[in-house]
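Written out below as structure tokens is the structure these notes cover.
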Amino acid sequence: MSGDILHRLSTLTLSIKHLGRLPLFSDLICSSIPSPRPTVTASQVPILFREPYILSGYRPVHQDWRCYLLSLFQRHNETLNVWTHLLAGPVLLLRWWANTGTLGYTLDAASLPLSVFLVSSLTYLFFSVAAHLFQSHSEHAHYFVFFMDYVGVAVYQYGCSLGHYFYTSEPAWRESYIGLLFLPGAAFFGWLSCAGCCFAKCRYRRPYPLQRKICQLIPTTLAYLLDISPVAHRLLTVSWTQEPSLPFHALQIISFLLSALFFSCPIPERFFPGHCDFVGQGHQIFHLFLSLCTVFQLEALFLDYARRRDTVVEVFGERQLWWACVSFLALFLLCILTAVITMRHLKRQLQSKQVRDK
């Protein structure tokens, strides 16, 4: 009897030892998730992925897609470009929630342009995060995600114009030639900025010539000058002491101009090559000021909405408010179509290049 018990105990001991050799469930999960490879210098990545005066911190190309997703928590030269816009999204949602409770908000025809503005802001932030997070995967991925980034910029421009038109504009401005042509003009320039950026990205190769910057900046500058015109008119004609939204509108203009400066010029890294690879490069500062611009816009538009929500439908008509939302969706689809067509054209170019290289 005692021998049988001893036999069972020895069998149980061996079983426990065998169980100890089995991999834990957490080990199985960790082993199935690839780890991003260490960053490399500019000379170790193709020229397409190099940025002027940024000498290190590049992620190697052709890693698993999950490596680039996990690089969200890795130190590389795109980390802050991702996080500046990734954190801006929750900030906007928190301010939206706070303003709806403080100033009052009901989802109806009068609030549609305000809702479209929030959607357009979150859209450009999402596409920007995706572009900077996944662009290092491959040449095709690089072009595609940045084309979608340009789509986000275009719909954000139009979302801003709708908010400015319905909540910020004054009757005298709306009766001017600019006011009468504002909405179709804003939609056209929004699409033109997307098409111009896609064309410039497709047409020119690094090192980028001045023509590429011109193709990008001229359409986006025209779009901004038109979109901001009702705000500028109100800032110049209405007393700031009577309108609490005007200081926020002024701050959004200042923030945007500063963001445009750092987008157009590679500063400060131009003067300190290699010292701004991870923190302090111009594109990161551009992202920060653009995020601040969007937050100031939201604050200003909420104040304007609270002041005019009872008269918006009466002044503009419910049909025009709904058509504005439909036109926003139409512009979004048109910009996506433009990006897809440009990508197909670029894909044929890349395939021809590969054939020539062989």
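All values below come from the heavy atoms of this structure, side chains included, with hydrogens, waters and symmetry mates left out. All figures in this text were calculated on a predicted structure; none of them were measured in a lab.
- Cluster membership check: F166 does not share its hydrophobic cluster with V326, using side-chain heavy-atom separations under 4.5 Å among Ile, Leu, Val, Met, Phe, Trp and Tyr.
- Between S264 and L217 the shortest side-chain heavy-atom distance falls below 4.5 Å.
- Note that the SG atom of C293 and the CG atom of L298 stand 11.5 Å from one another [nearest 0.5 Å].
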For this session: Begin with the C-alpha distance, continue with both residues' side-chain angles, and end with the deciding distance and a verdict on side-chain contact (heavy atoms from CB on, under 4.5 Å) for R75 and T39.
Result: CA-CA 8 Å; R75 183 174 178 266; T39 58; over 6 Å; no
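- Q349 and C202 get closest at one heavy-atom pair: OE1-O, 3.9 Å.
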Exercise. Is there a side-chain contact (heavy atoms from CB on, under 4.5 Å) between L133 and S71 once you walk through the steps?
Worked result: CA-CA 8 Å; L133 198 58; S71 71; 3.9 Å; yes
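- Side-chain atoms of Y68 come within 3.5 Å of backbone N or O of Q63 as a donor-acceptor pair.
- The line from OG1 of T338 to CZ of F199 is 13.5 Å long, rounded to the nearest 0.5 Å.
- In this structure the side chain of I341 never reaches within 4.5 angstrom of the side chain of F147, judged on heavy atoms.
- T311 contributes no side-chain N or O that, together with a main-chain N or O of E314, makes up a donor-acceptor pair within less than 3.5 Å.
- Judged by distance alone, with hydrogens and angles left aside, the side-chain atoms of S128 form no donor-acceptor pair with the main-chain N or O of L125 at under 3.5 Å.
- A distance-only check finds a donor-acceptor pair linking the side chain of N77 to the backbone of S56 [under 3.5 Å].
- A donor and an acceptor atom, one from each side chain of E78 and Q135, are located under 3.5 Å apart.
- K201 forms no cation-pi arrangement with Y150, by the criterion of a distance under 6.0 Å to the ring centre and an angle within 45° of the ring axis.
- With R174 contributing its side chain and S169 its backbone, the two residues share a donor-acceptor pair below 3.5 Å.
- Contact record, Q281 with D277: NE2-O, 2.9 Å, taken as the closest heavy-atom pair.
- Dense packing is recorded around CZ of R205, with more than 12 heavy atoms of other residues, nucleotides or ligands lying under 6.0 Å away.
- Side-chain contact between V153 and C197: absent, with no pair of heavy atoms (C-beta onward) separated by less than 4.5 Å.
- Few gaps surround CH2 on W65; more than 12 heavy atoms of other groups in view lie less than 6.0 Å from it.
- Below 30°, between 30° and 60°, or above 60°: for H287 and H283 the angle between ring planes is between 30° and 60°, a tilted geometry.
- Although no hydrogens or angles enter the test, the distance criterion places a donor-acceptor pair under 3.5 Å between the side chain of S111 and the main chain of T106.
- Around OH of Y204, the count of heavy atoms belonging to other residues, nucleotides or ligands within 6.0 Å exceeds 12.
- Distance alone, capped at 3.5 Å, is enough to place a donor-acceptor pair between the W83 side chain and the L72 backbone.
- With values rounded to the nearest 0.5 angstrom, F278 atom CZ is found 11.5 Å from C276 atom SG.
- Remark: I178 CD1 is loosely packed, at most 12 non-hydrogen atoms of other residues, nucleotides or ligands lying under 6.0 Å away.
- Between the side chain of Y167 and the main chain of L114, a donor-acceptor pair closer than 3.5 Å is present.
- Between S121 and Y156, the shortest heavy-atom contact is OG-CE1, 3.6 Å.
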Problem set entry | Stepwise side-chain contact (heavy atoms from CB on, under 4.5 Å) test for T41 and L55 | CA-CA 6 Å; T41 62; L55 307 183; over 6 Å; no
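- Aromatic ring centroids of W96 and F302 lie under 6.0 Å apart.
- Contact annotation: the side chain of L292 never approaches that of L258 to less than 4.5 Å [non-hydrogen atoms, C-beta and beyond].
- Looking only at distances, no side-chain donor or acceptor of R319 sits under 3.5 Å from a matching main-chain atom of F316.
- In this structure, R59 and S136 approach most closely via the heavy-atom pair NH2-OG, 3.4 Å.
- Residues T84 and N81 share a closest heavy-atom pair of OG1-O, 3.2 Å.
- A donor-acceptor pair is defined here as one N or O able to donate and one able to accept, closer than 3.5 Å; such a pair exists between the side chain of T79 and the backbone of Q74.
- Note on ring orientation: taking the six-membered ring where Trp is involved, the planes of F286 and F263 are tilted (angle from 30° to 60°).
- For CZ of F296, the number of neighbouring non-hydrogen atoms (other residues, nucleotides, ligands) closer than 6.0 Å is greater than 12.
- Within the 4.5 Å cutoff, the side chain of F328 has no heavy atoms near those of the L331 side chain.
- The shortest heavy-atom contact between A200 and Q216 is CB-CG, 4.1 Å.
- Annotation: side chain of Q157 is not in contact with side chain of Y124 (no heavy-atom distance under 4.5 Å).
- Hydrophobic clustering keeps Y158 apart from L337 (ILVMFWY residues linked when any side-chain heavy atoms are closer than 4.5 Å, directly or through intermediates).
- Side-chain atoms of S255 and Q252 include no donor-acceptor pair closer than 3.5 Å.
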For this session: Report the C-alpha distance between F49 and H142 in whole Å, list the side-chain angles of each, state the deciding distance to 0.1 Å, and finish with yes or no for side-chain contact (heavy atoms from CB on, under 4.5 Å).
Result: CA-CA 8 Å; F49 304 97; H142 176 91; 3.8 Å; yes
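- A distance of 13.5 Å separates OH of Y165 from CG of D227, quoted to the nearest 0.5 Å.
- Proximity of L226 to S161: side-chain heavy atoms (C-beta onward) are nowhere separated by under 4.5 Å.
- Interatomic distance, E139 CD to L48 CG, rounded to the nearest 0.5 Å: 5.5 Å.
- Hydrophobic clustering places I214 together with F189 (ILVMFWY residues linked when any side-chain heavy atoms are closer than 4.5 Å, directly or through intermediates).
- Proximity of K347 to H140: side-chain heavy atoms (C-beta onward) are separated by under 4.5 Å at one or more points.
- A centroid separation of 6.0 Å or more is found between the aromatic rings of H132 and F127.
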For this session: For D304 and R234, run salt bridge (charged side-chain N to carboxylate O under 4.0 Å, His left out): C-alpha distance rounded to whole Å, both residues' side-chain angles, the deciding distance at 0.1 Å, then the answer.
Result: CA-CA 12 Å; D304 289 338; R234 191 168 168 208; 2.8 Å; yes
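- Rounded to the nearest 0.5 Å, atoms CG (L301) and NE2 (H249) are 5.5 Å apart.
- Transitive grouping of hydrophobic side chains (ILVMFWY, heavy atoms separated by less than 4.5 Å) keeps W323 and W191 in distinct clusters.
- When the side chains of ILVMFWY residues are joined at heavy-atom separations under 4.5 Å, either directly or via intervening members, V119 and V155 end up in a single hydrophobic cluster.
- Looking only at atom types and distance, the side chain of Y224 has no donor-acceptor partner in the side chain of S193 under 3.5 Å away.
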